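Here the structure comes first, spelled out in structure tokens, and everything after it is commentary.
Just so it is clear, the model here is predicted, and its values are computed rather than measured.
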Amino acid sequence: MTSVDHDPARRPAAAGAPDGPPVAPTRHDEIAARGSEVLGGPLGRRVLFGASWWTPVRVVALVAIGMFALGMVQKYPCYDGAWFSGANAQYTRACYSDIPHLYQGRGFADGLTPYFDKIPPEVSGGMEYLEYPVLTGLFMQVAALFTPGGDDLVHREQVYWLVNAGMLMACAAVVAVCVARTHRRRPWDGLLVALAPALALTATINWDLLAVALTAAAMLAWSRGRPVAAGVLLGLATAAKLYPALLLWPLLLLCLRAGRLRQFGGTAAATAGAWLVVNLPVMIGAPDGWAKFYTFSQERGVDFGSFWLIISQRSGEPLDDANIYAIALMALGCLGIGALALTAPRRPRFAQLAFLVVALFIVTNKVYSPQYVLWLIPLAALARPRWRDFLVWQFCEVAYYLGIWLYLAYTNGGEDAKGLPPDGYHVAIAVHLLGTLYLCAVVVRDIVMPDRDPVRRLGDDDPGGGVLDRAPDVRVLAEAGHGRHAAGVPGPVGARGAPGAPGASGAPPGALRVRWGAERAR
């Protein structure tokens with residue numbers, strides 16, 4: 001009997017059995033243990049879980065709200081005047097936000113209806129229609145309805161930002177709570193989201209948190225074995241931002257390997273249906289306005305934050321074909337993720353592949369706005385719940401956050417500009433890219449060596465996988481469970497019996513070989 005068998009927190013649960021005791025990060029994460037010293041130190045052996053009103057989910061939600069509020073305080077210099085007193089002050093103080101500027105710039109101050117009403121060019125700078133997906137446009141419109149009228153435009157823009165900030169605060173709390181509840185035994189992983197510095201800094205730059213909250217809710221629904229509800233939420237998220245649709249690719253791969261294509265089909269159909277219900281009225285009633293988001297995304301040139309910008313500025317070439325190159329790299333990367341998913345010694349966890357596919361999109365895309373980090377924060381917390389790696393990545397993102405505003409201060413400052421010149425900004429982009437790639441590399445290592453995975457080394461299989469959790473493999477492209485790294489991790493209970501039984505995800509070396517179509521997919 002190994003030492004794993006003596007620790008209840010590390011013992012694999014049987015199918016249908018209770019989830020087991022919660023995982024205390026202070027017992028398994030060195031950084032979490034050190035950080036807990038300010039609150040009394042790591043949890044003891046005899047602590048009683050659930051004996052207090054201060055449950056992990058409530059603590060996580062309150063911490064997320066508190067950090068969001070600190071982010072609002074960080075924007076105060078702009079709220080108090082920098083948004084309205086000239087371009088450079090909002091950059092030198094690193095408190096820029098699109099929200100107050102687009103209140104007038106996209107016609108909300110004049111009562112225009114998004115997508116249906118053209119925006120006057122003298123207001124929008126040439127943008128005829130709102131360039132955001134339909135559900136985000138609705139979010140913006142609702143905030144405008146709660147913004148009082150009046151002759152003082154500056155005051156109205158301030159109130160509009162406050163109303164949006166209140167709505168986005170609710171979204172941030174939803175994200176943190178969903179992450180805390182997705183892995184039943186690991187609620188404290190939600191603190192990675194709640195305490196993320198980049199979330200506080202970027203939460204009110206734009207409206208991305210709406211899509212992030214819906215995506216986190218979709219992953220929670222999937223983890224609870226509700227594929228249709230997950231699909232509806234994922235469709236709504238895609239109607240708010242395009243990136244959530246990428247999660248269908250890892251779901252397809254994992255359901256293919258586990259023989260759960262029927263559940264994937266339900267999720268995909270629900271995703272398409274929910275997206276269509278939201279988009280169809282605008283698509284029919286205002287086709288030009290509806291299409292603006294997609295045409296703008298296609299026609300947009302190489303922009304901030306991408307390695308394409310570094311190449312373009314250093315070579316002097318505009319890279320007009322960057323779209324084609326980015327799509328090609330994305331397609332190749334997705335094929336690589338597919339190969340990883342179908343050849344790994346253990347079926348990867350859903351959160352791991354979800355993080356990799358969204359990170360791939362961010363790294364290969366022709367633009368990286370600083371708030372895009374919000375897309376990855378909940379996925380990173382679920383894919384690699386280790387404080388050291390998470391904070392290394394967050395440090396890189398904070399460095400980029402400061403770098404882009406200093407670069408804009410330099411480019412908009414005229415002859416006496418102070419800030420970050422292009423060479424310095426290229427370094428900031430490289431830091432962001434290297435931080436993201438570092439976290440990707442660690443996640444890939446966890447997939448290839450499951451004994452390094454913080455979730456699986458404590459006895460779980462895929463607590464966010466829903467119908468995939470502890471499911472036996474049906475289709476693989478290589479032997480499952482091969483190698484010492486897979487053999488050392490407790491396997492899930494398969495449909496055929498105990499852990500390690502042939503056909504289970506945690507089968508011993510060589511137990512499961514290439515067998516496409518060998519079993520009927522359920």
Side-chain angles (χ1 to χ4, degrees), residues 98-99 102 106-108 112-117 127-145 163-164 167-168 170-172 174-175 178 203 205-222 226-252 264-298 300 330 354 357-358 361-362 365 367 369 371-372 374-379:
D98 287 325
I99 294 173
L102 295 188
R106 295 302 177 263
F108 294 104
L112 300 183
T113 302
Y115 313 109
F116 290 86
D117 295 334
M127 188 71 67
E128 290 185 331
Y129 296 100
L130 183 66
E131 73 280 22
Y132 287 87
V134 170
L135 200 59
T136 297
L138 177 62
F139 189 93
M140 299 162 75
Q141 180 65 43
V142 169
L145 293 176
V163 173
N164 275 281
M167 296 165 65
L168 292 171
C171 292
V174 168
V175 174
C178 286
I205 291 179
N206 204 278
W207 293 269
D208 292 63
L209 267 178
L210 172 62
V212 176
L214 289 167
T215 303
M219 296 186 71
L220 174 60
W222 177 266
R226 299 174 181 173
V228 174
V232 170
L233 289 164
L234 198 59
L236 294 176
T238 306
K241 205 77 179 179
L242 196 57
Y243 88 90
L246 296 172
L247 270 61
L248 290 175
W249 176 239
L251 272 183
L252 173 61
F264 169 77
T267 299
T271 299
W275 180 89
L276 194 61
V277 166
V278 172
N279 281 269
L280 194 59
V282 182
M283 196 186 305
I284 294 173
D288 292 338
W290 173 83
K292 185 60 184 178
F293 164 70
Y294 301 97
T295 57
F296 175 73
S297 300
Q298 180 70 21
R300 188 175 188 178
M330 184 69 191
V357 74
V358 176
F361 179 74
I362 282 177
N365 199 18
V367 58
S369 298
Q371 73 272 10
Y372 288 2
L374 297 171
W375 305 357
L376 285 178
I377 287 175
L379 300 177

Exercise for review: Tell me, please, which residues at least two apart from A230 pass side chain to side chain contact (heavy atoms under 4.5 Å, CB included).
Suggested key: A221, W222
Exercise for review: Provide the closest heavy-atom pair for A239 versus N279 in the form atom of the first, atom of the second, distance.
Suggested key: CB-ND2, 3.8 Å
Check your understanding: Can you find a heavy atom in the side chain of F139 that is under 4.5 Å from one in the side chain of V142?
Key -> no
**Study point:** Minimum-distance pair of heavy atoms, taken over all atoms of A354 and L379
**Key:** O-CD1, 3.8 Å
Exercise for review: Assess whether side chain to side chain contact (heavy atoms under 4.5 Å, CB included) is satisfied between D288 and E128, documenting all intermediate values.
Suggested key: CA-CA 9 Å; D288 292 338; E128 290 185 331; over 6 Å; no
Point to revise | Distance (rounded to the nearest 0.5 Å) between L374 CG and D208 CG | key: 6.0 Å
Review point. So do the side chains of W207 and I99 get within less than 4.5 Å of each other, counting heavy atoms only?
Key: yes
Check your understanding: Could you walk me through whether M330 and V357 pass the side chain to side chain contact (heavy atoms under 4.5 Å, CB included) check?
Key -> CA-CA 9 Å; M330 184 69 191; V357 74; 4.1 Å; yes
Point to revise | Stepwise side chain to side chain contact (heavy atoms under 4.5 Å, CB included) check, L135 with L214 | key: CA-CA 11 Å; L135 200 59; L214 289 167; 3.8 Å; yes
Check your understanding: When rounded to the nearest 0.5 angstrom, what is the spacing between CD1 in I205 and OG in S369?
Key -> 8.5 Å
Practice item. Considering non-hydrogen atoms only, spot the tightest contact between P227 and T267 and give its length. Key: O-OG1, 2.9 Å
Point to revise | Matching residue for P114 among Y132, Y129, F108, W290 - test: side chain to side chain contact (heavy atoms under 4.5 Å, CB included) | key: F108
Practice item. Might you work through the side chain to side chain contact (heavy atoms under 4.5 Å, CB included) test for T215 and W375, ending with a clear yes or no? Key: CA-CA 9 Å; T215 303; W375 305 357; over 6 Å; no
Review point. Side chain of Y115, backbone of P133: donor and acceptor closer than 3.5 Å?
Key: yes
Check your understanding: V212 and P378: which non-hydrogen atoms are nearest, and at how many Å?
Key -> CG1-CG, 3.8 Å
Practice item. For residues Y243 and I362, determine if any side-chain heavy atom of one lies less than 4.5 Å from a side-chain heavy atom of the other. Key: no
Exercise for review: To the nearest 0.5 angstrom, please state how far the CG atom of L247 sits from the CG atom of L234.
Suggested key: 6.0 Å
Exercise for review: To the nearest 0.5 angstrom, please state how far the CG atom of L251 sits from the OG1 atom of T271.
Suggested key: 8.5 Å
**Study point:** Exam field: side chain T136 to backbone A240, donor-acceptor pair closer than 3.5 Å
**Key:** yes
Exercise for review: Locate the shortest heavy-atom distance separating R106 from L130; write the atom from each residue and the value.
Suggested key: CG-CD1, 3.7 Å
Exercise for review: Quick one: pull up CE in M140 and CG in N206 and give me the separation to the nearest 0.5 Å.
Suggested key: 7.5 Å
Check your understanding: With sequence neighbours excluded, what pairs up with Q371 under the side-chain hydrogen bond (donor to acceptor under 3.5 Å, both in side chains) test?
Key -> none
Practice item. Hey, could you give me the CG/CD1 distance between L280 and I284, rounded to the nearest 0.5 Å? Key: 3.5 Å
Check your understanding: A213 and V175: which non-hydrogen atoms are nearest, and at how many Å?
Key -> CA-CG2, 3.4 Å
